[in-house]
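Quick notes on the structure that follows.
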Amino acid sequence: MLPGGAAIVSEPRPVLGVIACNRVVESQSAQAVMTRYLHSALIFADAAALLVPAMPELMHAKEIAPRLDGLLLTGTPSNLDPKRYGVLVDDAPGPFDPGRDEMTAHLIEAMLEIGKPVFGICRGFQELNVAFGGTLRRDMAENPELIPHHAPNDKSFNEYFDHIHPVTLEEGGVLKRAYESDDLNVVSVHYQGVDKLGAGLNVEARAPDGVVEAISAEVNGAQVLAVQWHPEWKAHENPESQTFFKLLGRALRGQPLVSR
């Protein structure tokens, strides 16, 4: 054992890059990732991790991509700037994180170019859709034609993550085969979602209102899998959430996500 009780790893585990966000902590700029994403990924994907700063002005994705075995794009409070998907509006809801917008766009391109897997959760799901040429809608919480995809704003943070709705898994998809089920109940905490689906992406799951909730692709042998929901939330209590990260672990090791 190392000092502090950490175990010595006899065989190196794959290294997962996890995108950071620009946040303000006690009035200072910080690169931050919520621990719940790391905790779930490191345990259930059985991986090590490196945080990738969202600082494109000081580093380039192509410097990082060859050193990683895969990439996880996490959720975060910020929204993608609509300019990233060709929509010029002045009233889009923030907050925004232009450094993350820029860094993830280059990271996705760099990773897929060399055949490394990219997984996404919530904002990461949206980033992947946009990277493949898709667009987003920004009315997922209040549109009367949709089910609520976010809890009411007057709820507490924990109550946000109590907001659950079902999704139907698409026949023949990666998730359908992995879960061996027709549907899942998922934690839904998002104001934005897919409008136009990106070219080359497969739909993996839909909400009851038809909104796309999960996507997949294979590019240069690299697995792409992303979900709009939050499998990292209390994953230790939810075997279905753990399955998402186990798929990530398989992708990091170059294994097929599910049996052919």
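Keep in mind that what you see is a predicted model, and the values were worked out from it rather than measured.
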Any side-chain heavy-atom pair from Ser40 and Ser241 closer than 4.5 angstrom?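 Heavy-atom side-chain distance check fails, nothing below 4.5 Å.
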Determine, stepwise, if the pair Glu204 / Ile215 fulfils side-chain contact (heavy atoms from CB on, under 4.5 Å). CA-CA 5 Å; Glu204 288 284 335; Ile215 52 177; 5.5 Å; no
Please evaluate residues Ser78 and Arg100 with respect to the criterion side chain to side chain donor-acceptor pair (under 3.5 Å), reporting the C-alpha separation (whole Å), side-chain torsions for both, the decisive distance (0.1 Å), and the verdict. CA-CA 9 Å; Ser78 65; Arg100 170 156 172 169; 5.7 Å; no
Please assess His230 against Arg36 for the test side-chain contact (heavy atoms from CB on, under 4.5 Å), listing each intermediate value before the final yes or no. CA-CA 10 Å; His230 283 271; Arg36 66 181 192 265; 4.2 Å; yes
Residues [X], [Y]: salt bridge by 4.0 Å N-O rule:
{"X": "Arg253", "Y": "Asp46", "answer": "yes"}
{"X": "Glu170", "Y": "Lys176", "answer": "no"}
{"X": "Arg206", "Y": "Asp183", "answer": "no"}

Would the distance check show the side chain of Lys83 and the main-chain N or O of Leu88 forming a donor-acceptor pair, the cut-off being under 3.5 Å?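 No, the answer is negative, given that no donor and acceptor are paired below the 3.5 Å cut-off.
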Residue pairs, two or more places apart or on separate chains, that pass ring-ring contact (aromatic ring centres under 6.0 Å, His included) and touch residues 80-130: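 Listed once each, the pairs are His60-His106, Phe119-Phe244.
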Might you work through the side chain to side chain donor-acceptor pair (under 3.5 Å) test for Asn220 and Glu113, ending with a clear yes or no? CA-CA 7 Å; Asn220 295 328; Glu113 189 175 83; over 6 Å; no
Check against side-chain contact (heavy atoms from CB on, under 4.5 Å), Val211 and Val194: CA-CA 7 Å; Val211 169; Val194 169; 5.5 Å; no
Determine whether Leu225 and Leu175 satisfy the following criterion, side-chain contact (heavy atoms from CB on, under 4.5 Å), listing intermediate values before the conclusion. CA-CA 9 Å; Leu225 184 64; Leu175 294 181; 4.2 Å; yes
Does Arg123 form a salt bridge (Lys or Arg N to Asp or Glu O under 4.0 Å) with Asp101? I'd like the steps, not just the answer. CA-CA 10 Å; Arg123 189 195 211 266; Asp101 287 356; 2.7 Å; yes
